[in-house]
Amino acid sequence: MLRGLQQKIGLEVKENVSLKNLTTMRLGGNTRYLVVVHDVHELLATAEAVIELKVKFFILGGGSNIIVSDSGFDGVTIKNEAGEVSIEGNEAVIDSGIKLPVLIRKLAELDFGGLEFLSGIPGTLGGAVINNAGAFGDNISNHLKSVTILDREGEVRIVLKDDLSFKYRSSLFKKISKPEKRGVILRVRLILRKGAREEIARKISNYLRLREKNQPKGLSCGSFFKNPKVDLMEKDWEELAKEGRIPAGYLLEQIGVKGRVEGGIFVSAKHANWIMNKGKGKAEEVRILAESLKAEVDRRFGIQLEEEVEYIGFNGKAT
Ligand SMILES: Cc1cc2nc3c(=O)[nH]c(=O)nc-3n(C[C@H](O)[C@H](O)[C@H](O)COP(=O)(O)OP(=O)(O)OC[C@H]3O[C@@H](n4cnc5c(N)ncnc54)[C@H](O)[C@@H]3O)c2cc1C
C-alpha cells in the first residue's frame with residue numbers, strides 16, 4: 001500500500017506518525033500513514049489516490065475540532081496545508097487548508113473584510129466549512145457561495161451553498177459520520193466585503209480581546225458540545241436562549257461540573273463547556289468524562305447534549 005500510494009502521488013508518505021502534536025487537544029495515538037499536502041493539486045492527487053486504493057482516510061486541518069483515539073487512526077491522514085487565495089471582484093477562491101487567522105489577515109491586507117468574527121479560531125477554512133464554524137452571532141456559511149469538492153465517487157464538482165444543508169455547527173458533510181465517505185473540500189468561494197483596512201483591523205482586535213477575556217487558556221477543542229435546541233424553555237432560560245438554543249455551558253454549570261477531573265482531562269473552571277487536557281490526558285478519559293456529562297444533563301434536564309467535536313479512530317463507546 002505504502003509503495004503504491006507513494007508512486008501514485010510522488011509525495012513522501014510517512015509511517016506511524018503521532019497525531020498528538022497536530023491537534024489542539026494534544027492527545028491521541030499514531031496515524032498509520034501521513035501525507036502532508038502543500039497545494040490543492042497535491043491535495044486532489046492524494047485524495048484521488050486513496051479513494052482509488054480504497055483506503056480509509058481523513059483530512060486533517062488545524063486539528064482543532066477532533067479527538068483522536070489513543071490507539072490512533074488506522075488509515076491515511078492527509079494534512080492539508082493548501083493555502084492559495086485568489087480574488088475575483090468581490091469574491092475570493094481560497095484553498096481549503098489555509099488557517100483562518102492567516103486568511104483573515106491576508107484579506108485585510110487587500111482591504112476585504114467580513115470574516116473578522118472568526119478571528120482567534122485555530123482551524124482551517126475546510127474545517128470551518130465542515131463545522132459551519134461561527135462566533136458572535138455569525139457563521140461561515142453566511143459568507144459562502146460554493147465549494148469545490150472531490151466527491152466520494154472521485155468526481156470533482158462545484159456545490160452551491162444551498163445544497164450543503166448548513167445549520168448551527170453542522171453541514172451536509174458533517175452529517176456523514178465516516179470522513180472518507182464525505183468527500184474532500186478542495187476550494188471555497190467566499191463573498192467578501194470591501195472595507196477600510198483600519199476598520200477591519202479594529203474589528204479583529206476587538207474580537208481577539210473578547211476571546212482573550214472569556215476563553216479558557218490551555219489545550220482544548222474550544223466548546224465541546226453544541227448548544228442544544230430546547231422545545232420547552234424554562235422561565236429563566238429565555239434570556240439566555242438564541243434561536244431556540246440554550247448554551248450547553250449554562251446547563252453544565254447548573255450541574256456543577258466546572259473543574260471536574262477524569263485522569264489527565266478536566267472541565268475548565270472558567271467555562272463549563274470546555275473540556276481540557278492537563279498535558280498527559282488520554283482520549284479515553286475525554287470520552288468517559290463526556291459520556292458522564294451527557295448522562296447528567298439528560299438526568300437533570302431531559303436534554304441530550306451532542307458533541308461539536310468529532311471522534312477519529314474510535315470504535316464503540318467509552319467504557
Ligand atoms: C481555542 C479554540 C477556540 C475555538 N473557537 C471556535 C468558535 O468560536 N467557533 C467555532 O465554530 N469553532 C471553534 N473552535 C473549533 C474549531 O477551531 C473549528 O470548528 C474549526 O473550524 C475546525 O477546523 P480544523 O481545520 O481545525 O478542523 P479539524 O479539527 O482538522 O477537522 C474537523 C473535521 O473536518 C474535516 N475536514 C477538515 N478539513 C477538511 C477538508 N478540506 N475536506 C473535508 N473534510 C475536512 C476533518 O476530517 C474532521 O472531520 C475552537 C477551537 C479552539 C481550539
Side-chain angles (χ1 to χ4, degrees), residues 19 22-26 28 31 37 40 43-44 46-47 50 56-68 73 75-83 94-103 115-141 147-152 159 164 166 168-188 207-208 210-212 214-227 249 268 270-271 273-277 307-313:
L19 287 174
L22 300 179
T23 67
T24 56
M25 198 72 178
R26 296 277 190 281
T31 178
V37 296
V40 83
L43 173 61
L44 176 61
T46 309
V50 289
K56 200 156 77 167
F57 75 97
F58 88 100
I59 307 294
L60 175 65
S64 62
N65 212 29
I66 54 169
I67 305 293
V68 176
F73 178 68
V76 179
T77 299
I78 303 175
K79 169 93 177 84
N80 183 11
E81 295 184 359
I94 307 154
D95 292 351
S96 57
I98 197 165
K99 286 275 180 91
L100 293 171
V102 176
L103 172 62
L115 300 182
E116 297 89 328
F117 65 98
L118 295 171
S119 298
I121 300 184
T124 61
L125 182 58
V129 171
I130 296 280
N131 190 38
N132 192 14
F136 306 108
D138 204 350
N139 56 59
I140 185 106
S141 63
V147 290
T148 306
I149 63 161
L150 175 70
D151 70 19
R152 58 182 151 181
V159 188
L164 290 170
F166 283 112
Y168 162 78
R169 299 299 172 271
S170 175
S171 64
L172 185 65
F173 303 106
K174 202 169 173 184
K175 281 191 202 127
I176 301 167
S177 63
K178 287 197 173 149
E180 69 269 24
K181 303 267 181 223
R182 283 178 178 169
V184 174
I185 300 177
L186 302 169
R187 285 200 172 111
V188 177
Y207 285 126
L208 289 176
L210 283 171
R211 278 189 188 271
E212 176 71 20
N214 301 323
Q215 238 176 234
K217 288 188 182 58
L219 309 176
S220 78
C221 282
S223 294
F224 196 89
F225 297 106
K226 294 182 188 178
N227 295 333
S268 162
K270 188 167 182 179
H271 194 314
N273 194 19
W274 284 53
I275 293 185
M276 307 186 74
N277 181 5
E307 280 86 343
E308 180 181 324
V309 302
E310 291 184 62
Y311 295 111
I312 301 283

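When a ligand or atom number is given, it counts from 1 through the structure's own listing order. Start at 1 with the first residue, then count along the sequence. All figures in this text were calculated on a predicted structure; none of them were measured in a lab.
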Contact check, Glu308 vs ligand 1, heavy-atom distance below 4.0 Å: yes
Proximity of Ser223 to ligand 1 by residue part, where a heavy atom lies under 4.0 Å: neither
Side-chain (Ser223) to main-chain (Phe225) donor-acceptor, under 3.5 angstrom: no
His271 to Gly249 - nearest heavy-atom pair and separation: CE1-CA, 4.4 Å
Taking atom 40 (C) of ligand 1 as the reference point, the nearest protein heavy atom with its distance: Ile59 CG2, 3.7 Å
Proximal ligand 1 atoms for Phe58, defined as those under 4.0 Å from one of its heavy atoms: 47 (O)
For Gly61, atoms of ligand 1 separated by under 4.0 Å from a heavy atom: 25 (O), 30 (O)
Any donor-acceptor N/O pair, Arg182 side chain to Leu172 backbone, under 3.5 Å: no
Any N/O pair Ala135/ligand 1 closer than 3.5 Å: no
Identity and distance of the protein heavy atom lying nearest atom 32 (C) of ligand 1: Ile66 CG2, 3.8 Å
Atom 38 (N) of ligand 1: the protein heavy-atom neighbour that sits closest, reported with distance to 0.1 Å: Gly127 N, 3.5 Å
Asn132 backbone acceptor or donor facing Arg169 side chain under 3.5 Å: yes
Lys174 to ligand 1, any heavy atom closer than 4.0 Å: no
Result of checking Ser64, Pro101, Cys221 against Pro122 for side chain to side chain contact (heavy atoms under 4.5 Å, CB included): Ser64
N/O separation below 3.5 Å, Thr124 to ligand 1: yes
For Gly183, the ligand 1 atoms whose distance to one of its heavy atoms is below 4.0 Å: 43 (C)
Under 4.0 Å to a heavy atom of Ser96 - the qualifying atoms of ligand 1, by number: 41 (N)
Protein heavy atom at shortest distance from atom 8 (O) of ligand 1: Arg211 NH2, 2.8 Å
Shortest protein contact, atom 10 (C) of ligand 1 (heavy atom only): Gly134 O, 3.5 Å
Protein heavy atom at shortest distance from atom 49 (O) of ligand 1: Arg182 NH1, 2.9 Å
Derivation and outcome, side chain to side chain contact (heavy atoms under 4.5 Å, CB included), residues Leu118 and Tyr207: CA-CA 8 Å; Leu118 295 171; Tyr207 285 126; over 6 Å; no
Polar side-chain atom of Asn214 near backbone of Leu210 as donor-acceptor pair, under 3.5 Å: yes
Exam field: side chain Ser96 to backbone Ile185, donor-acceptor pair closer than 3.5 Å: yes
Closest approach of Val184 to Ala47 (non-hydrogen atoms, all atoms of both residues): CG2-CB, 3.9 Å
Ligand-side contact atoms (ligand 1) for residue partner Gln215, heavy atom cut-off under 4.0 Å: 1 (C), 3 (C)
Closest non-hydrogen atom pair between Ala135 and Arg211, with its separation: CB-NH2, 3.6 Å
N or O pair under 3.5 Å between Pro122 and ligand 1: no
Shortest protein heavy-atom distance from atom 42 (N) of ligand 1, along with the residue and atom involved: Ile185 N, 2.9 Å
Proximal ligand 1 atoms for Asn80, defined as those under 4.0 Å from one of its heavy atoms: 41 (N)
Side-chain (Asn277) to main-chain (Arg26) donor-acceptor, under 3.5 angstrom: yes
Heavy atom of the protein closest to atom 7 (C) of ligand 1 (residue, atom name, distance): Ile121 CD1, 3.3 Å
Thr24 contact mode with ligand 1 (heavy-atom cut-off under 4.0 Å): side chain
Distance filter under 4.0 Å to Arg169 heavy atoms, resulting ligand 1 atoms: 11 (O)
Check: Glu310 N/O within less than 3.5 Å of ligand 1 N/O: yes
Side chain to side chain contact (heavy atoms under 4.5 Å, CB included) evaluation trace for Lys79 with Thr31: CA-CA 11 Å; Lys79 169 93 177 84; Thr31 178; over 6 Å; no
Asn131, any N or O under 3.5 Å of ligand 1 N or O: yes
Short N-O contact, Glu81 and Lys99, less than 4.0 angstrom: no
Within reach of ligand 1, part of Leu43 (heavy-atom separation under 4.0 Å): neither
Phe224/Ile67 under side chain to side chain contact (heavy atoms under 4.5 Å, CB included): CA gap, chis, key distance, verdict: CA-CA 10 Å; Phe224 196 89; Ile67 305 293; 4.2 Å; yes
Within-shell test, Met25 vs ligand 1, heavy atom, strictly < 4.0 Å: no
Heavy-atom donor-acceptor pair, Ser171 side chain to Ile130 backbone, under 3.5 Å: yes
Residue pair Ile149 / Phe173: nearest heavy atoms and the distance that separates them: CG2-CZ, 3.8 Å
Check: Ile130 N/O within less than 3.5 Å of ligand 1 N/O: no
Any N/O pair Ser220/ligand 1 closer than 3.5 Å: no
Structural part of Ala128 in contact with ligand 1, heavy atom criterion under 4.0 angstrom: both
Location of contacts on Ser64 toward ligand 1, heavy atoms closer than 4.0 Å: both
Verdict with supporting geometry, Glu308 and Asn227, side chain to side chain contact (heavy atoms under 4.5 Å, CB included): CA-CA 9 Å; Glu308 180 181 324; Asn227 295 333; over 6 Å; no
Option nearest atom 29 (O) of ligand 1 (shortest heavy-atom distance, choices Ile67, Asn65, Leu22, Leu150): Asn65
Heavy-atom side-chain contact between Ile98 and Val188 under 4.5 Å: no
